Amino acid sequence: METIAVALFLLLAVVVSGTLARMSPMALPPPLVQIALGAFIASVANFGVKLRPDIFFLLFLPPLLFLDGWRIPKEGLLRDKATILELALGLVVFTVVGVGSFINWMIPAMPLAVAFALAAIVSPTDSTAVSAIATRVPIPKRLMHILDGESLLNDASGLVCMRFAIAAALMGTFSLLAAVGTFLWLAIGGVAIGVGVTWIASAAKNWVSRHFGEETGSQILISLLIPFGAYLLSEHLHCSGILAAVAAGITMSYVEQSGQALPITRVRRSAVWDLVQFTASGIIFVLLGEQLPRLVIGAAQVVREAGHHEPIWLVVYVVAINLALAVLRFTWVWTSLRFTLFRAALKGQNSYVPSWRLIAATSLAGVRGTITLAGVLTLPLTMNDGSAFPARDLAIFLAAGVIIVSLVAASFSLPFLLKGLKLPPEPSPQEEEDLARIAAAKAAIRAIEKAQHHMGEGHSDVDLYTDAGVRIMELYRQRINGRSTTGKEASLARKIDEIERRLRLTGLRAERTEIYRIARARRLSDETSRKLVRELDLLESRFATR
C-alpha cells in the first residue's frame, strides 16, 4: 500500500507541476518546475524512494525513445542527415573524450571510467525541453528538426557509450578492438530486432483485424507493448535495447502510413501516448527533485574525500562541466559548419552563412533532460566484488546539476539570441499541403461517384443517392477550386477558409453546449450524449488544428 500511495502522490505532483508551469509569468520549462516540486516534497515528507537502476531503465526509457522515433519528422531527418549525424555521433564521442578527461582532471576522486560514463550520459540533448523554453520566441523549424534528429540519435549513442564506460569501470580494463566489435553487434542487432519486432507485431495485428475485426483497446495496448518487447528481446540477446526501442519507433512511423488502423484507434492511441510521455517525463524529474537532498549529502562526502571541505565545490564542479560542454559544443558546431560551407564551395554552391547568434543558439539549445536523468540513475549500485560503485552519488548529482543549469541558461539566453534573428526563407509547406488536399478530394469524388452508382443500382429511389452524392461532391469541388488558385485568388480563398473554419468552430461549440444542456435536463441518455459529444470533439479537433 505504501508503494502505491507514493506512486499516486508522484502522479499528483506531475499534475501540479504542469499547472505551476502554466501559471509562471516566465516561460519556465516544465522539467525545472518538476525538479523544484520534487525537492519541496523531499523537504516536507520523507518517502524514502529507493530506485533500482535496472527497473528504472526498463520502465521509462523504452517508451520515451520509441515515441521519439515514432514522431520525429522524417523529411527533416533525411534532409539534414549529415548535420544531424555530425552532432549525434561525432559530437557525442568528442564530448565523452573531452569532458570525461576534464572531469577526471578536476575531480581525481572520480575514476576515469566513471568520468567517461558521466560525460557520456550528459551528452544527449532534450528537444522537448527546448520546445518548452522557446514557446515565446519560436525556434526556426529547420533548426528544431535538426535538434529533434540529434536528440533522437544521440540518446542511443550517448547511452551506448555510457554502457562501455560502465563495463570498463566494473572490469577495470578496456579494449578498443573489442569495443568496436561489441558496438557493431549492439548497433546492428539492436536495430534489426527493433525493426523485426515492430513489423511482426504489426503484421500479426493487421491480419487479426482483417479477419476478425479491430478492437481499439487491443491495438493501443499492442503499441504500448512493442517498445518493451523490442527492448527486452534485444537485451536478452546482448544487443542494444536502446537502439532497438529507437528503431522500433521509426519503423512504427512507416507502419502507421499503411493506414490500416481505424480512425478512432489512431485518435485514442495518440491521446494515450501523449499521456505516457507527459507522465513518464514528469515522474522522472519529480523523482530527481525528491532524490536531490540525499544526492547532495553523498556528493559532499566524495568532495571531502577529494580534499575539499566546502560543499560550494559542488556548485563549482557543475558550472565548470556546463562551461566545458558549451565550449565543446560551440567548437564542434562552428567547425562542422565551416566544413559544410567548404564542401558547398567545392560544388560551386552559394550557401547561407549563419550569424554567430544562430551558432550560439544551436549550442545553447543542447540542453539536457529526460534521457540524461534516466540514464545516470541506472549507474550500478555496486562493483563486481560487492563494493560500492565509486562516486555514484557525485555522478548523479553532477548530472542533475548539468540538467538544471543547462535548462536555466537556455531559458534566459535563447529568447535573447533568437529574437529578431533574420534567417533565409524556409520552403513553405502550403503548396504541398494544397496538392495533397486536391489529390485527396479528387480521389474522394471518384469513390463517391462509384459508390452512389453501386448503392442506387436496382433501387426505385435512385435519385436520392444521386442527390446525396452531388451534395457531398460539391464540398470536395469547392476544396479543389479553392486550393487550385494562385496569387491574390489563393490568398482570398485561404481567407474564406479561415472565416469558414472559425464559423464552424462556433457552430460546433454551440452544438456541444446544447447537447450538454439537454443531457442535464435528463432528456438525453448518457450513452447518446457521449456519442454525440465525441463526434463533435473529433470535428472540432480537425478544424482547430488547421
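Position 1 is the first residue of the sequence; numbering continues from there. What you see is a predicted model; the values in this text were computed from it and never measured.
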Legend entry - Contacts of T335 that satisfy side chain to side chain contact (heavy atoms under 4.5 Å, CB included) - sequence neighbours left out: T331
Legend entry - Over all atoms of both residues, closest heavy-atom pair of V276 and P63: CG1-CB, 4.2 Å
Inset, instruction - Check ring pair (Phe, Tyr, Trp, His ring centres under 6.0 Å) between F285 and all other residues, then give those that pass, not counting sequence neighbours. - result: none
Inset, instruction - Compare all side-chain heavy atoms of L186 with those of F164 and state whether any distance is below 4.5 angstrom. - result: yes
Inset, instruction - Measure from the side-chain N and O atoms of T251 to the backbone N and O of A247, and report whether any donor-acceptor pair falls under 3.5 Å. - result: yes
Inset, instruction - Would you indicate whether the side-chain heavy atoms of V246 and D68 approach each other to under 4.5 Å? - result: no
Legend entry - Audit row: L61, Y231, side chain to side chain contact (heavy atoms under 4.5 Å, CB included) steps and yes/no: CA-CA 9 Å; L61 279 190; Y231 179 88; 5.7 Å; no
Inset, instruction - If a pair satisfies salt bridge (charged side-chain N to carboxylate O under 4.0 Å, His left out) and one of its residues is in residues 232-245, list it, with sequence neighbours excluded. - result: R163-E235
Inset, instruction - Measure across A117 and I166 and return the closest heavy-atom pair with its distance rounded to 0.1 Å. - result: CB-CG1, 4.2 Å
Legend entry - Flag side-chain contact, heavy atom, 4.5 Å: L118 against M162: no
Inset, instruction - First locate atom CG of L328, then atom OG of S123, and finally report the distance between them rounded to the nearest 0.5 Å. - result: 11.5 Å
Inset, instruction - Indicate yes or no for a side-chain donor-acceptor contact from S101 to the backbone of G98 under 3.5 Å, with no hydrogens or angles considered. - result: no
Inset, instruction - Please report the closest heavy-atom contact between I403 and R368, naming both atoms and the distance. - result: CG2-O, 3.6 Å
Legend entry - Sequence-distant partners of F60, ring pair (Phe, Tyr, Trp, His ring centres under 6.0 Å), two or more places apart: F56
Inset, instruction - With side chain to side chain contact (heavy atoms under 4.5 Å, CB included) as the test, would you mind laying out the steps for E86 and L91 before giving the verdict? - result: CA-CA 6 Å; E86 289 172 0; L91 179 56; over 6 Å; no
Inset, instruction - Quick one: pull up CD1 in I107 and CG in L394 and give me the separation to the nearest 0.5 Å. - result: 5.0 Å
Legend entry - Pairs flagged by salt bridge (charged side-chain N to carboxylate O under 4.0 Å, His left out) wherever residues 402-413 is involved - sequence neighbours left out: none
Legend entry - N154 and T125: side chain donor to acceptor below 3.5 Å: yes
Inset, instruction - Using a 4.5 Å cut-off on heavy atoms from C-beta on, say whether the side chain of I84 contacts that of L89. - result: no
Legend entry - Q277 side, atom CD; W70 side, atom CH2 - distance, nearest 0.5 Å: 12.0 Å
Legend entry - Min side-chain heavy-atom separation F389-V114 under 4.5 Å: yes
Inset, instruction - Could you pull out the closest heavy-atom pair between S413 and L364, with the gap in Å? - result: OG-CD1, 3.3 Å
Legend entry - Backbone of V327 reached by a side-chain donor or acceptor of W332 within 3.5 Å: no
Inset, instruction - Output every pair passing salt bridge (charged side-chain N to carboxylate O under 4.0 Å, His left out) with a member in residues 318-330, not counting sequence neighbours, ordered by first then second residue. - result: E150-R329
Inset, instruction - Report yes if some heavy atom in the side chain of N322 is under 4.5 Å from a heavy atom in the side chain of S406; otherwise report no. - result: yes
Inset, instruction - Considering non-hydrogen atoms only, spot the tightest contact between V96 and C161 and give its length. - result: CG2-CB, 4.3 Å
Inset, instruction - Using a 4.5 Å cut-off on heavy atoms from C-beta on, say whether the side chain of L37 contacts that of V14. - result: no
Inset, instruction - Supply the atom-to-atom distance I146 CD1 to S151 OG, rounded to the nearest 0.5 angstrom. - result: 12.0 Å
Legend entry - Side-chain donor/acceptor of N104 to backbone N/O of G100, under 3.5 Å: no
Legend entry - salt bridge (charged side-chain N to carboxylate O under 4.0 Å, His left out) contacts in which one or both residues fall within residues 239-252, not counting sequence neighbours: none
Legend entry - Close side-chain approach of L64 and I284, heavy atoms under 4.5 Å: yes
Inset, instruction - Flag yes if more than 12 heavy atoms outside F40 fall under 6.0 Å of its CZ atom; otherwise flag no. - result: no
Inset, instruction - Indicate the atoms forming the closest heavy-atom contact of I121 with G375, along with that distance. - result: CD1-CA, 3.5 Å
Inset, instruction - Identify whether the distance between the nearest side-chain nitrogen and carboxylate oxygen of E256 and R71 falls below 4.0 Å. - result: no
Inset, instruction - Begin with the C-alpha distance, continue with both residues' side-chain angles, and end with the deciding distance and a verdict on side chain to side chain contact (heavy atoms under 4.5 Å, CB included) for W334 and I359. - result: CA-CA 7 Å; W334 185 86; I359 298 176; 4.0 Å; yes
Inset, instruction - With side chain to side chain contact (heavy atoms under 4.5 Å, CB included) as the test, would you mind laying out the steps for T372 and V402 before giving the verdict? - result: CA-CA 9 Å; T372 292; V402 167; 5.9 Å; no
Legend entry - Point-to-point distance, once rounded to the nearest 0.5 Å, from CG of L233 to CD1 of I193: 4.5 Å
Legend entry - W273: partners by side chain to side chain donor-acceptor pair (under 3.5 Å), with sequence neighbours left out: S223
Legend entry - Point-to-point distance, once rounded to the nearest 0.5 Å, from CG of L58 to CG of L232: 5.0 Å
Legend entry - Partner residues of S17 under the side chain to side chain donor-acceptor pair (under 3.5 Å) criterion, sequence neighbours left out: Q34
Inset, instruction - Applying side chain to side chain contact (heavy atoms under 4.5 Å, CB included), name anything that partners A113, two or more places apart in sequence or on another chain. - result: A168, A169
Inset, instruction - Output all residues satisfying ring pair (Phe, Tyr, Trp, His ring centres under 6.0 Å) with F330, sequence neighbours left out; order by chain, then residue number. - result: none
Legend entry - Counterpart residues, side chain to side chain donor-acceptor pair (under 3.5 Å), relative to T95 (two or more places apart): none
